[in-house]
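Data first, discussion second: the structure below is written as structure tokens.
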Amino acid sequence: MNVSINDSKIYKANMATTDSKICEMNISATNSIKDTLERHLSTCTIEFKAAVHIPALVLVFLIIFANFLVIYLFLKNHTLRKTVANILLISLSVTDLVSGVSIFIHIMPYYYTLFKDCSTVHQVFDLAYFASSDIITNGLTITSVLHLLLLSSERFVLLYYALRCTVIVTRKRLIVLSFTAWVVGAFVTLIQLSWVVPYISEPNNHTRLLAVLHNDKIYTVTTIALFSFIPMFVLLFQYIWLFSLIRRLSKRNPGIQSKKVWSRELKGVIVNCIMFVSFVLFCFPYLLVKCFICLDHPAISELPSEFFETIFLLRFIISIINPLIYALYKKDFRRTIPITFLSLSKTFLMTNRPTFDQLTSRPTLSRSGEKISFIEIGTRNSKEIKF
């Protein structure tokens, strides 16, 4: 039978990566799973591919830099902290920042082969390492979807309960909801440890191997359905309803002031909608491929390993798109970026500005005949000394 590597918590415990394709192998009826596993582990199955892994490293630095900048802007600017809805955006930005770190964890074994013998990869990066990489990726995907739901629901409440929105949507509640999204994502993905850890402790146990295969299929299909497909339909319904509501309200209140209000609300919905569309375009292919691998679809075995690695990296493109959306489309973020950079540049210049004592210790700064001019810092006066 054909065993896909995404079920490779048996081999690499890295269902979320393309190790699933690289480690794919055929098990004939005459060979035991134990013999096949031993033969697999004795060969090098991880290969560095510049066309994939160099862009992956660049993506890591871009994601970390962009999201770190967004978090820094939020912490340094009171106007951003004053907007309650930005709490959800910053929580999502933290999720994207951790996503950049998770990509780095994923590609480390490939870069390891550039400097060391690839036959030692499995000794340095063992089953527990790949299991951790898979668990982190699953948890971040779930957390991202929950944050998108929270952002859309916040906008939904803001328009539907316009008169009571400040009472319903409070800073404390949003902080609790953001924390809950993290807890749910962590709890759901850590469920995998109940069958992964026993297998890692006994990798040659046939019974545990079959349990991993069976549990992974049920877990993957269930989590993708509950935390990806169903939320996407809910989000789609909410955005359609929000656009329809804004259109109806703007027609009922045609005044100039009302148009400005509805225009502002429409821009907020568009920002969230762009984030949703980005998630669908870049993350859904990854989830679909993951389902096909889990269900042992025959077409999967014919695809090259580069395809799987590319699909995996595309899933993280949204982690760089989100902070760009904040900077380009949200007015409060767009205003604070130049102010913050100007403040940083002034701080840097003042820190590196020489003192008066440093200047006067070098009398050759301005020499003209027998006169030497000393310029006092902070004044426009100069002193001339004759020799």
Side-chain angles (χ1 to χ4, degrees), residues 59 62-71 73-74 80 83-100 103 140-160 165 169 174 177-178 181 185 227-247 249-250 259-288 311 313-337:
L59 182 63
L62 289 176
I63 289 174
I64 293 176
F65 173 78
N67 287 283
F68 179 80
L69 177 61
V70 169
I71 296 171
L73 290 173
F74 178 80
L80 294 180
T83 305
V84 178
N86 284 342
I87 294 174
L88 297 177
L89 293 177
I90 293 305
S91 183
L92 179 59
S93 189
V94 173
T95 305
D96 292 333
L97 181 66
V98 179
S99 296
I103 301 176
L140 291 172
T141 303
I142 294 172
T143 305
S144 296
V145 173
L146 293 178
H147 275 89
L148 289 178
L149 273 174
L150 290 176
L151 287 167
S152 176
S153 300
E154 184 269 338
R155 188 63 57 175
F156 183 90
V157 172
L158 185 64
L159 292 176
Y160 193 77
C165 64
V169 181
L174 291 184
L177 289 173
S178 299
F227 295 99
S228 296
F229 289 107
I230 293 178
M232 289 304 102
F233 283 112
V234 174
L235 285 169
L236 184 62
F237 167 77
Q238 285 186 342
Y239 287 125
I240 292 174
W241 187 91
L242 286 172
F243 281 115
S244 176
L245 177 63
I246 292 175
R247 183 180 179 182
L249 292 175
S250 61
K259 285 185 178 180
K260 290 181 179 180
V261 173
W262 300 127
S263 176
R264 184 174 66 251
E265 297 300 331
L266 182 61
K267 288 180 180 179
V269 175
I270 290 175
V271 168
N272 294 344
C273 191
I274 292 174
M275 295 166 63
F276 165 72
V277 173
S278 300
F279 186 87
V280 172
L281 291 178
F282 294 105
C283 196
F284 256 49
Y286 162 77
L287 297 174
L288 290 175
I311 290 294
L313 294 177
L314 283 177
R315 174 257 178 271
F316 292 98
I317 293 293
I318 58 174
S319 296
I320 190 65
I321 290 178
N322 288 340
L324 291 178
I325 291 174
Y326 310 155
L328 297 177
Y329 286 94
K330 287 197 96 275
K331 194 173 183 178
D332 50 354
F333 273 93
R334 194 168 64 246
R335 283 179 174 178
T336 56
I337 289 176

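Since this is a predicted model, take the numbers as computed values, not measurements. Along the sequence shown, residues carry numbers from 1.
A pairwise comparison of heavy atoms in C165 and V157 identifies CB-O, 4.2 Å as the closest pair. Shown here for L235 and S152, the closest heavy-atom pair between the two residues is CD2-CB, 3.4 Å. Between L159 and L242, the shortest heavy-atom contact is CD1-CD2, 3.5 Å. Annotation for V70 and P323: closest pair CG2-CB, 3.6 Å, computed over non-hydrogen atoms.
In this structure, C283 and T141 have side chains that are in contact, with non-hydrogen atoms separated by less than 4.5 Å. Contact annotation: the side chain of L266 never approaches that of R247 to less than 4.5 Å [non-hydrogen atoms, C-beta and beyond]. Contact of the F333 side chain with the N86 side chain is registered, since non-hydrogen atoms from C-beta on lie closer than 4.5 Å. At least one side-chain heavy atom of I318 sits less than 4.5 Å from a side-chain heavy atom of S278. Side-chain contact check for H147 versus T143: some heavy-atom pair is nearer than 4.5 Å. In this structure the side chain of L80 never reaches within 4.5 angstrom of the side chain of I90, judged on heavy atoms. In this structure, I87 and S178 have side chains that are in contact, with non-hydrogen atoms separated by less than 4.5 Å. Contact of the L281 side chain with the L314 side chain is not registered, since no non-hydrogen atoms from C-beta on lie closer than 4.5 Å.
Looking only at distances, a side-chain donor or acceptor of S144 sits under 3.5 Å from a matching main-chain atom of L140. Remark: the backbone N or O of I240 is not paired with any side-chain donor or acceptor of S244 at under 3.5 angstrom. Y286 contributes no side-chain N or O that, together with a main-chain N or O of F316, makes up a donor-acceptor pair within less than 3.5 Å.
How far SG of C273 is from CD of Q238: 11.5 Å, rounded to the nearest 0.5 Å. Separating the OH atom in Y160 from the CG atom in L245 is a distance of 9.0 Å, to the nearest 0.5 Å. For the atom pair CD1 of I321 and CG of D96, the computed distance is 10.0 Å after rounding to the nearest 0.5 Å. Note that the CG atom of L287 and the CZ atom of F279 stand 6.0 Å from one another [nearest 0.5 Å]. To the nearest 0.5 Å, atom CD1 of residue I64 and atom CG of residue L97 are 6.0 Å apart. Taken from CG in L151 to CG in L146, the straight-line distance is 11.0 Å, to the nearest 0.5 Å.
The distance between the ring centers of F229 and F284 falls below 6.0 angstrom.
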Practice task
Verify side-chain contact (heavy atoms from CB on, under 4.5 Å) between L92 and M275, making sure each step is shown before the conclusion.
Solution key: CA-CA 11 Å; L92 179 59; M275 295 166 63; 3.2 Å; yes

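Remark: F243 CZ is packed, more than 12 non-hydrogen atoms of other residues, nucleotides or ligands lying under 6.0 Å away.
N67 and S93 share a side-chain donor-acceptor pair at under 3.5 Å.
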